[in-house]
Amino acid sequence: MSNEEMNEKMEFIVEQQAQFAADMKDLREFQAQDGNLLKEQYRMLSDAVITVVGLVGSLTQAQARADDRINVLTQAQTRTDDRINVLAQAQTRTDESFNLLAQAQTRTEERLNIFINVVERHISGNGGSENRA
């Protein structure tokens, strides 16, 4: 191998080394930018996760409050149902009493009519005999 060939090979190697160094520099810059971008994305993602966790916590609390309210409403509905049942029973008793009263009224009217007839007959019979005496 001659000096000139040796110089060409060394020059080629030096150029390759320079290109390699330039490429490495570009890669480091890209990696630094990429690292910064990843850090920013990680921060944003962390913030989003914290926000979601907070929302889930708020939803859980709201659901617990809603469940409590539903339980209160269920209890109130049960009390209302009980009161309506009591009222229905009272209405049934009132209806029965009214029916008994109506029956008693009918019997009273019948007896009163009989009494009126007796009195009318008595008056009619006495009025005629008093006139004769």
Side-chain angles (χ1 to χ4, degrees):
M1 186 182 299
S2 68
N3 275 343
E4 192 175 313
E5 287 178 353
M6 183 68 97
N7 283 339
E8 284 178 10
K9 287 186 179 190
M10 286 181 14
E11 203 175 299
F12 175 76
I13 291 173
V14 169
E15 285 176 11
Q16 289 297 316
Q17 187 65 31
Q19 184 62 44
F20 180 75
D23 289 345
M24 285 301 288
K25 180 182 174 202
D26 290 345
L27 283 173
R28 283 189 190 108
E29 289 174 2
F30 179 76
Q31 186 179 20
Q33 290 173 355
D34 198 35
N36 289 336
L37 180 63
L38 286 174
K39 285 178 187 176
E40 179 62 22
Q41 288 175 343
Y42 178 78
R43 186 193 60 75
M44 290 171 53
L45 184 59
S46 293
D47 290 347
V49 168
I50 290 169
T51 301
V52 169
V53 168
L55 289 173
V56 169
S58 296
L59 286 173
T60 301
Q61 291 173 353
Q63 184 64 45
R65 287 191 303 272
D67 289 346
D68 290 343
R69 289 179 185 143
I70 288 171
N71 287 335
V72 167
L73 288 173
T74 300
Q75 292 169 358
Q77 183 64 45
T78 299
R79 287 191 304 274
T80 301
D81 290 347
D82 292 344
R83 289 177 182 162
I84 287 174
N85 287 335
V86 168
L87 286 173
Q89 291 170 359
Q91 183 63 45
T92 299
R93 288 191 303 274
T94 301
D95 290 346
E96 290 169 357
S97 296
F98 183 78
N99 288 335
L100 291 174
L101 185 60
Q103 291 171 3
Q105 178 69 32
T106 300
R107 286 191 306 272
T108 301
E109 286 176 7
E110 290 170 357
R111 293 181 75 204
L112 183 59
N113 286 336
I114 291 170
F115 180 70
I116 289 171
N117 287 337
V118 168
V119 169
E120 284 178 349
R121 273 187 268 140
H122 180 68
I123 290 174
S124 297
N126 282 342
S129 58
E130 284 182 10
N131 287 339
R132 290 181 195 167

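Residue numbers start at 1 and run along the sequence shown.
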For residues Phe115 and Ile123: do they belong to one hydrophobic cluster (side chain heavy atoms under 4.5 Å, members Ile, Leu, Val, Met, Phe, Trp, Tyr)?
yes
From Glu11 atom CD to Glu4 atom CD, the distance as rounded to the nearest 0.5 Å
10.5 Å
In the structure I gave you, are the side-chain heavy atoms of Val72 and Asp68 within less than 4.5 Å of one another anywhere?
no
Rounded to the nearest 0.5 Å, what separation is found between the CZ atom of Arg111 and the CD1 atom of Ile116?
13.0 Å
State plainly whether one hydrophobic cluster holds both Phe20 and Leu27, where clusters connect Ile, Leu, Val, Met, Phe, Trp and Tyr through side-chain heavy atoms under 4.5 angstrom apart.
yes
May I ask you to check whether over 12 heavy atoms, not counting those of Glu40, lie within 6.0 Å of atom CD?
yes
If I take atom CG from residue Leu101 and atom CD from residue Gln103, how far apart are they, to the nearest 0.5 angstrom?
9.5 Å
Other residues, nucleotides, ligands: >12 heavy atoms within 6.0 Å of Asn117 CG:
yes
Do you see a donor-acceptor pair shorter than 3.5 Å between the side chains of Gln91 and Asp95?
yes
Any salt bridge linking Arg93 with Glu96? Criterion: basic side-chain nitrogen under 4.0 Å from a carboxylate oxygen.
no
Just checking, is any N or O donor in the side chain of Gln75 or Asn71 under 3.5 Å from an acceptor N or O on the other one?
no
Within 6.0 Å of CD in Glu29, more than 12 heavy atoms from elsewhere
yes
From CE (Met24) to CD (Gln31), nearest 0.5 Å:
8.5 Å
Taking atom OG1 of Thr60 and atom CZ of Arg65, what is their separation to the nearest 0.5 Å?
10.5 Å
Just checking, is any N or O donor in the side chain of Asp81 or Gln77 under 3.5 Å from an acceptor N or O on the other one?
yes
Looking only at the side chains, is there a donor atom on one of Gln63 and Asp67 sitting less than 3.5 Å from an acceptor on the other?
yes
